[in-house]
Q: 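Handing you this structure, nothing more for now.
Quick note on labels: first sequence line is chain A, next is B, and so on, each numbered from 1. All figures in this text were calculated on a predicted structure; none of them were measured in a lab.
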2 protein chains.
Amino acid sequence: MSDSLDVEISPHSESFIQHFGEMGSRWGINRTVGQMCALLVVTEKPLNADQIGAALHISRSNVSMGLKELQSWNLLRAVTVAGDRKDYFTTPDDVWEMARTLIEERRKREIDPTLSMLRSVLLQEQATGEDSYALNKMNDMHDLIELLVSWLNEMQTLKSQRLMKLLKLGSGVNKILDLTDRVSGRS
Amino acid sequence: MSDSLDVEISPHSESFIQHFGEMGSRWGINRTVGQMCALLVVTEKPLNADQIGAALHISRSNVSMGLKELQSWNLLRAVTVAGDRKDYFTTPDDVWEMARTLIEERRKREIDPTLSMLRSVLLQEQATGEDSYALNKMNDMHDLIELLVSWLNEMQTLKSQRLMKLLKLGSGVNKILDLTDRVSGRS
DNA sequence: CCTTAATTTCAGTAATTATTGAAATTTAGC
DNA sequence: GCTAAATTTCAATAATTACTGAAATTAAGG
């Protein structure tokens with residue numbers, strides 16, 4: 001059964017969708033995918049591919065490719081409607097969940113490959129000590145990224161409530177750290 | 001006085017530079033700029049534009065544009081050599097400093113504009129309560145991003161040593177948080 | 001199974017972004 | 001302030017990436 005193709009988009013939502021389209025290029029994603037994601041976020045009901053295409057004035061095939069892309073980012077929830085053969089899509093309700101997913105995926109794509117590369121280069125490091133300046137830099141970078149990644153992973157294990165509390169504390173954590181230092185007598 | 005155009009690049013460094021070129025596209029930067037940055041990181045001595053171009057096999061004008069781009073990311077240190085009219089460039093020695101700069105710049109380009117957009121949309125919010133679902137989502141997103149950004153800003157104020165300690169603590173902070181909660185009687 | 005709706009794939013084309021060489025501008029030393 | 005070296009700008013073009021419509025594939029309902 002074909003639903004209406006008219007998806008009501010308020011001016012506010014329109015701004016929001018446009019913005020995500022423009023920002024898309026600054027992220028690794030393209031305009032269309034950014035707009036699709038934004039549309040699904042601000043639309044309460046799940047949408048089918050035709051509705052998405054109509055709302056954003058893009059072709060059906062472009063929608064299909066965009067959905068595949070969003071799926072690869074784990075940002076899609078598929079919904080099946082009884083008596084309708086079309087697939088309906090929406091994004092997770094909780095923006096915190098989305099943020100976590102986004103951070104995790106970006107880590108996988110943008111940081112992990114560099115960590116692997118650095119590991120493999122440093123592993124092959126000959127005993128010759130040649131180009132020690134460069135190897136030293138790579139080592140520093142490796143350690144930094146490894147620390148960041150393992151910290152990120154630990155944060156990912158926390159419940160959203162806990163994470164929020166931690167974030168709100170901000171550099172206040174520093175004071176606590178200060179305290180524990182003094183107690184255990186470290187610098 | 002024209003230095004040699006031959007910049008020695010070890011196989012290790014070559015892998016490193018290639019990798020940053022490829023990853024460049026996943027970041028918002030292009031291949032060439034990624035390679036230039038990587039080259040300057042692993043090369044001890046500052047390089048001039050001709051040397052960079054020769055090392056990466058790119059045109060002089062491309063180097064010029066790339067340098068401008070890197071400059072806009074605050075990732076360049078310019079060095080003047082006595083008796084040489086050419087400009088020499090390198091990246092900051094400390095990879096932690098570079099990481100901080102990178103995170104700050106990415107925040108400015110990728111997060112701040114979205115925060116502004118959300119603020120302005122939410123500010124215009126009419127009393128009508130129309131499209132409340134979308135406005136609600138934007139509000140959630142606004143609060144999340146604001147929290148993240150202010151946390152990032154606070155972290156930026158910490159000294160590298162302090163930051164490292166905090167990162168190493170990881171979710172261990174959670175236990176301390178737990179403790180303070182119990183002491184002050186919160187959940 | 002067969003039919004038809006729905007989705008995906010893909011080759012061609014459009015749009016965007018990156019790169020170049022030549023010309024213009026800037027800069028430093030005389 | 002003149003000269004020559006160094007750098008930047010910019011219009012042309014190369015390379016890449018995005019988008020489309022048509023054809024192929026998949027999947028649901030009888």
Q: Sequence neighbours left out, what passes side-chain contact (heavy atoms from CB on, under 4.5 Å) with A:Ser10? Give chain and number order.
A: A:His12, A:Ser13, B:Asp131
Q: Report the residues that fulfil salt bridge (Lys or Arg N to Asp or Glu O under 4.0 Å) with B:Asp94, sequence neighbours left out, ordered by chain and then residue number.
A: none
Q: Kindly write out the residues that satisfy salt bridge (Lys or Arg N to Asp or Glu O under 4.0 Å) with A:Arg106, not counting sequence neighbours, or none if the list is empty.
A: A:Glu110, B:Glu110
Q: Taking atom P of D:dT7 as reference, at what distance in whole Å does atom CG of B:Leu47 sit?
A: 13 Å
Q: List for me each residue that meets ring-ring contact (aromatic ring centres under 6.0 Å, His included) alongside A:Trp151, sequence neighbours excluded, and say none if there are none.
A: B:Trp151
Q: Got a sec, which pairs hit ring-ring contact (aromatic ring centres under 6.0 Å, His included) with one end in residues 43-79 of chain B, sequence neighbours left out?
A: none
Q: Round to a whole Å and report the spacing from CD1 of B:Ile52 to C1' of C:dT19.
A: 16 Å
Q: Which pairs, protein N/O on one side and nucleotides 24-30 of chain C N/O on the other, fall under 3.5 Å?
A:
unit_1: C:dT27; atom_1: O2; unit_2: B:Arg85; atom_2: NH2; d: 3.2

Q: Could you tell me whether the side chain of A:Gln124 reaches within less than 4.5 Å of the side chain of B:Ser15, counting heavy atoms only?
A: no
Q: Check whether more than 12 heavy atoms from other residues, nucleotides or ligands sit under 6.0 Å from atom CZ of A:Arg31, and answer yes or no.
A: no
Q: Can you name the residues that form a salt bridge (Lys or Arg N to Asp or Glu O under 4.0 Å) with B:Asp112, not counting sequence neighbours?
A: B:Arg107
Q: Considering the terminal five base pairs at each end of the helix from C:dC1-D:dG30 to C:dC30-D:dG1, what angle separates the two local helix axes, rounded to 10°?
A: 40°
Q: Could you give the CG-to-P distance, from B:Asp50 to D:dA5, as a whole number of Å?
A: 13 Å
Q: In the 5'-to-3' direction, what one-character label does each nucleotide of nucleotides 9-20 of chain D receive under the scheme B = base within less than 4.0 Å of a protein heavy atom, S = sugar-phosphate only, - = no such atom?
A: BB-------SSB
Q: Within the 4.0 Å heavy-atom criterion, would you say B:Asp87 contacts the bases, only the backbone, or no part of the nucleic acid?
A: sugar-phosphate
Q: Residues two or more places apart in sequence or in another chain: which of them pass side chain to side chain donor-acceptor pair (under 3.5 Å) with A:Glu154?
A: B:Ser171
Q: Kindly write out the residues that satisfy side-chain contact (heavy atoms from CB on, under 4.5 Å) with B:Gln156, not counting sequence neighbours, or none if the list is empty.
A: B:Arg100, B:Ile103, B:Glu104
Q: What is the distance from NZ of A:Lys86 to C1' of D:dA28, rounded to the nearest Å?
A: 13 Å
Q: Among residues at least two apart in sequence or on other chains, which ones pass ring-ring contact (aromatic ring centres under 6.0 Å, His included) with B:Phe20?
A: B:Phe16
